[in-house]
Amino acid sequence: MATEHTANAPDDEPAERLNFIEVQVEADLRAGKNGGRLHTRFPPEPNGYLHIGHAKAICVNFGLAEQYAGRCNLRFDDTNPSKEEQEYVDGMREDIAWLGFSWGDREYFASDYFPKLYEWACDLIRAGLAYVDDQSVEEIRAKRGSGHAPGVDSPFRARSAEENLALFAAMRAGEFPDGAKVLRAKIDMAAANMNMRDPVLYRIQRAHHHRTGDEWCIYPLYDFAHGQSDAIEGITHSLCSLEFENHRPLYEWFLDHLDVPYRPRQIEFARLELEYTITSKRKLQQLVSDGFVSGWDDPRMPTLRGLRRRGYTPQSIRTFIDDAGVAKFNGTIPLVKLENALRDELNLSAERRMAVLRPLKVVIEDWPAEQVVERQAINNPEDESAGTRPVHLGRELWIERDDFMEDPPKKYFRLQPGGDVRLRYGCVITCREVVKDASGEVVELRCTHDPETYDGKQPADRKVKGVIHWVSAHDAVRAEVRLYDNLFREPAPLDVPEGESFTSNLNPDSLEVVTDAVVERALAAVEPGQSYQFERLGYFVPDSGDHSPSRPVFNRSVSLRDSWSKQNKS
RNA sequence: UACCCCGUGGUGUAAUUGGCAACACAACUGGUUUUGGUCCAGUCAUUCCAGGUUCGAGUCCUGGCGGGGUAACCA
């Protein structure tokens, strides 16, 4: 009952709600572990372009570093030369920087550590903890056992350290064909955790590596490279996704048995799943190579370059990721959450303009032919400093086809025969006549206007509720507008009947190209990357590839919320 | 099937050492509005189930049920 809140209470902002990783990090920091240091890393494999799922890993790793005055390394996990390419390294750098994170000079490659990893492998052999196995892939798989059955020791498991050392050196020297031999850790073929059943450490693979060229013909596997790379870089918290939980015992086994310079700690969290979206690099690759989309940067793609071209801002993505939270539960985030993050940001920052997507001609009969009235339109009602711009009203103008209905439903308060509507920033007009072509399609509206209704003034005898956007013939510039919708028609695109491909869930209407829109003249000259709200329609951005002043092309980033169409859907 | 992880409103995350289930989004109501946008107010939960410990359990214990991951010479 007592008022414990004074108006200027210094700390009545809600306590920071920590996620489970932050809780552990703070506990470590409090306990004085790692010398009070926090050091994370983002370790992508350069085998594709980064997508919204990676954005979470990026935000978590780099974000944590920012939050606790720590550091975050960028490390390319390039241990499989058959899949990795320089093109992807470049693309990833660009996308991470675009998101607004920097890794300073701490850009590393797992391949930087190949020599050290090789030494460590030899150490393991000398300690009797690794051996060269001559079995084939099939044999190894077959003898690994299953959940119920323990595995069977390899017949080569008992080779001496000397023999193993010699064989491993010969593997490296290229004396055996690909796949002929592997190096395995000697752990426990009966372990309940499959990862501990003598995991493969090195395989022979003659593939050109994007960085080390042909220097190596043997390459370490993920498990043998990752933890040690963390250790080399002094990573304190190695954050990864849930599917590596079962690998943690192995991660720690290497740390236990190798003379590593540091002991990082692995913590797993759930990946981001988004409705109507896939985040499998392989499947995204398929969409690109099978031509379902125009490329990795197609505005419908969940890749960071796709989102960028679509008009998503780095901040909106970071806000979204932040808002989604971090936990171990595997959930799916509603797509509207992403869209709202963009809307919320652009509502505050984007200047407003008028554009008509599907133009319907309006002639104001009682308007003097040559008269042009200049009105000041507010650039951004959320930001007074954005100022105003002139728009010009004339006898002929374009309005949205949707803003006129011959036979409207109840509560439709835009234009209809005999009805009236306000032109945004202009006066009230009344529809006197509907002109149709031979096929019965409405091609023109003949209207009259009330010059006493500027500046929001209502007509004397009635109240006009509807306000519509318009572009006058005087101001109009033709433009192409690309309207994007979800790439998939199902919230869970991967859920398909047996034998069917996820591509059958592709939304055939995910792209609609409008070639004859008209926009305010000023929109022709805008810079790519600059977002605008087209009033009453949504947020749009000039296409970074195709827009030019002589041929304006806009992408719809996201529509405005539309409670009218929502209420009329049922 | 074996092993590992996870179950809190429609959705995603919170809830000091057990102590009034909170925030955001969505949905629904109303209000404001020269954008059917924005903004403002209100409504919306037997914490998967069953036992147990306790003055008191979302939190601890036992057993179920449900979901996810793993069983590559991918990462």
Side-chain angles (χ1 to χ4, degrees), chain A residues 14-15 17-20 43-45 47 77-80 82-84 110 133 135-137 140-141 144-151 178-184 191-197 199-205 218-219 221-223 225-226 240-249 268 270 275 281-282 322-334 336-337 340-341 343-344 347-348 352 354 378 381-382 411-414 422-428 453-458 464-469 533-538 559-568:
Chain A
R17 302 202 335 240
L18 304 178
N19 64 47
F20 82 102
E45 181 189 14
N47 67 344
D77 217 336
D78 56 351
T79 57
N80 186 358
S82 62
K83 291 185 173 177
E84 296 143 8
D133 194 343
Q135 296 182 106
S136 67
V137 197
I140 290 177
R141 188 178 306 139
R144 180 142 33 225
S146 66
H148 357 264
D178 288 13
K181 289 179 166 41
V182 292
L183 182 72
R184 298 177 74 177
N193 184 334
M194 292 287 175
N195 291 305
M196 303 301 270
R197 319 249 264 224
V200 172
L201 272 28
Y202 269 91
R203 78 285 216 182
I204 304 172
Q205 189 181 134
I218 59 170
Y219 292 95
L221 276 90
Y222 168 86
D223 285 309
H226 202 90
C240 61
S241 45
L242 255 25
E243 72 264 34
F244 292 104
E245 256 168 340
N246 292 338
H247 292 244
R248 194 180 343 127
E268 312 84 12
E275 281 181 352
K281 271 197 249 180
R282 219 195 83 245
D322 229 48
D323 201 52
V326 178
K328 297 192 78 156
F329 177 74
N330 258 310
T332 304
I333 316 283
V336 290
K337 204 127 184 169
N340 281 335
R343 289 187 179 111
D344 289 348
N347 175 49
L348 298 178
R352 313 291 113 132
M354 291 201 281
I378 294 166
E382 307 292 326
K411 302 223 291 221
Y412 179 88
F413 46 78
R414 280 114 84 179
R422 173 179 299 283
L423 295 173
R424 177 82 159 141
Y425 296 119
C427 58
V428 171
T453 56
Y454 285 103
D455 296 315
K457 284 201 267 302
Q458 291 288 358
V464 176
K465 185 167 167 65
V467 179
I468 63 173
H469 61 276
Q533 183 196 104
F534 290 0
E535 293 219 26
R536 303 209 305 130
L537 296 176
S559 65
L560 249 30
R561 283 194 189 85
D562 184 356
S563 54
W564 166 252
S565 70
K566 204 186 290 174
Q567 110 186 196
N568 282 274

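Naming convention: chains lettered A, B, ... in sequence-line order (proteins, then strands); numbering from 1 in each chain.
Under a 4.0 Å N-O distance rule, the pair A/Glu535/A/Arg424 qualifies as a salt bridge.
Rounded to an integer number of Å, the gap from A/Leu537 CG to B/U35 P is 14 Å. Between the P atom of B/A71 and the CG atom of A/Asp223 lies a distance of 10 Å, rounded to the nearest Å. Rounded to whole angstrom, the span from the CZ atom of A/Arg248 across to the P atom of B/C5 amounts to 8 Å. Taking atom CZ of residue A/Phe413 and atom C1' of nucleotide B/G36, one finds them 5 Å apart after rounding to whole Å. Whole-Å rounding puts the A/Tyr454 OH to B/U34 C1' distance at 14 Å. In this structure, A/Arg282 atom CZ and B/A75 atom C1' are separated by 14 Å, rounded to whole Å. Between the CD atom of A/Glu535 and the P atom of B/U34 there is a distance of 13 Å, given to the nearest Å. Distance, A/Arg197 CZ to B/A2 P: 13 Å, rounded to whole Å.
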Study note, to complete from the structure: With B for base contact, S for sugar-phosphate-only contact and - for none (protein heavy atoms under 4.0 Å), nucleotides 9-16 of chain B reads --SSBS--
Revision key, fill the gap. The contact string for nucleotides 42-48 of chain B, one letter per nucleotide 5' to 3', using protein heavy atoms under 4.0 Å with B, S and - for base, sugar-phosphate only and none, comes out as -------
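Across B/G36, B/C73, B/C3, the shortest atom-to-atom separation from the side chain of A/Ala192 is found for B/C3. Listed nucleotides B/U33, B/C25, B/U35 differ in distance to A/Arg352; the shortest reach to its side chain belongs to B/U35.
Proximity of A/Arg144 to the phosphate of B/C73: a side-chain N or O atom is located under 4.0 Å from OP1 or OP2. Contact check, A/Arg141 against B/A72: a side-chain N or O comes under 4.0 Å of OP1 or OP2. Distances shorter than 4.0 Å separate none of the side-chain N or O atoms of A/Arg536 from OP1 or OP2 on B/U34. For the pair A/Arg422 and B/G36, the criterion of a side-chain N or O lying under 4.0 Å from OP1 or OP2 is not met. In terms of phosphate contacts, A/Ser563 brings a side-chain nitrogen or oxygen within less than 4.0 Å of OP1 or OP2 of B/G37.
Taking atom P in both B/C48 and B/G37, one finds a spacing of 37 Å when rounded to whole Å. The gap from the C1' atom of B/G63 to that of B/C73 amounts to 42 Å, rounded to the nearest Å. Taking the P atoms as reference points, B/A14 lies 14 Å from B/G9, given to the whole Å. Nucleotides B/C60 and B/G18 have their P atoms positioned 9 Å apart, rounded to a whole Å. Rounded to whole Å, the P atom of B/C61 lies 16 Å from the corresponding atom of B/U16. Using C1' as the reference atom, B/G19 and B/U13 are 22 Å apart when rounded to the nearest Å. Of the P atoms belonging to B/A71 and B/U54, the separation is 45 Å, rounded to the nearest Å. Comparing B/U43 with B/A22, their P atoms sit 12 Å apart, to the nearest whole Å.
Of all the heavy atoms in A/Gly426 and A/Tyr454, the pair that sits closest is C-CD2, 3.6 Å. Minimum heavy-atom separation, A/Lys328 to A/Phe20: CG-CZ, 3.6 Å. Nearest heavy-atom pair across A/Leu201 and A/Arg184 is CD2-C, 4.0 Å. Taking both residues in full, the closest heavy atoms of A/Asp223 and A/His247 are given as OD1-ND1, 2.7 Å, listed atom of the first, atom of the second, then distance. Nearest heavy-atom pair across A/Tyr202 and A/Ile218 is CD2-CD1, 3.8 Å. Here the closest heavy-atom approach between residue A/Ala110 and residue A/Asp77 is recorded as CB-OD1, 3.8 Å.
Note on ring orientation: taking the six-membered ring where Trp is involved, the planes of A/Phe413 and A/Trp564 are tilted (angle from 30° to 60°).
If you check every strand for non-hydrogen atoms under 4.0 Å, A/Gln458 touches nothing. Using a 4.0 Å heavy-atom criterion, one finds that A/Val137 contacts the bases of the nucleic acid, with or without backbone contacts as well. Using a 4.0 Å heavy-atom criterion, one finds that A/His226 contacts no nucleic acid atom at all. If you check every strand for non-hydrogen atoms under 4.0 Å, A/Gln533 touches a base.
The CE atom of A/Met194 lies 5.5 Å from the OG atom of A/Ser146; values are rounded to the nearest 0.5 Å.
Residues A/Tyr425 and A/Ile378 meet the side-chain proximity criterion, which asks for heavy atoms closer than 4.5 Å. Counting only heavy atoms from C-beta outward, the side chains of A/His226 and A/Thr79 never approach each other to under 4.5 Å. Annotation: side chain of A/Gln533 is in contact with side chain of A/Leu560 (closest heavy-atom distance under 4.5 Å). Residues A/Ile468 and A/Leu423 have side chains in contact (heavy-atom distance under 4.5 Å, counting atoms from C-beta outward). Between A/Arg343 and A/Ser559, the closest side-chain pair of non-hydrogen atoms falls below 4.5 Å.
A stacking contact links A/Trp564 to B/G36: the aromatic ring centre lies within less than 5.5 Å of the base's six-membered ring centre, and the planes differ by less than 30°.
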**Study point:** Dot-bracket notation for RNA chain B, counting Watson-Crick and G-U pairs under 3.5 Å, with | for partners on another strand
**Key:** (((((((..((((.....[..)))).(((((.......)))))....(((((..]....))))))))))))....
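One can find a donor-acceptor pair under 3.5 Å joining the base of B/G37 and the side-chain atoms of A/Glu382. On a pure distance criterion of 3.5 Å, no polar donor-acceptor pair joins the side chain of A/Glu245 and the base of B/U70. Side-chain atoms of A/His148 stay outside donor-acceptor range of the base of B/A71, with no qualifying N/O pair under 3.5 Å. Residue side chain A/Arg343 does not reach the base of B/G37 through any donor-acceptor N/O pair under 3.5 Å, judged by distance alone.
With the nearest nucleotide of RNA chain B identified for both A/Asp77 and A/Glu243, A/Glu243 has the one nearer the 5' end. Nearer to the 5' terminus of RNA chain B, by closest-nucleotide assignment, is the contact made by A/Gly466 (compared with the other of A/Gly466 and A/Leu242).
Glycosidic conformation of B/A72 is syn; the angle stays within 90° of 0.
At least one donor-acceptor pair under 3.5 Å links the side chain of A/Asn193 to the backbone N or O of A/Asn246.
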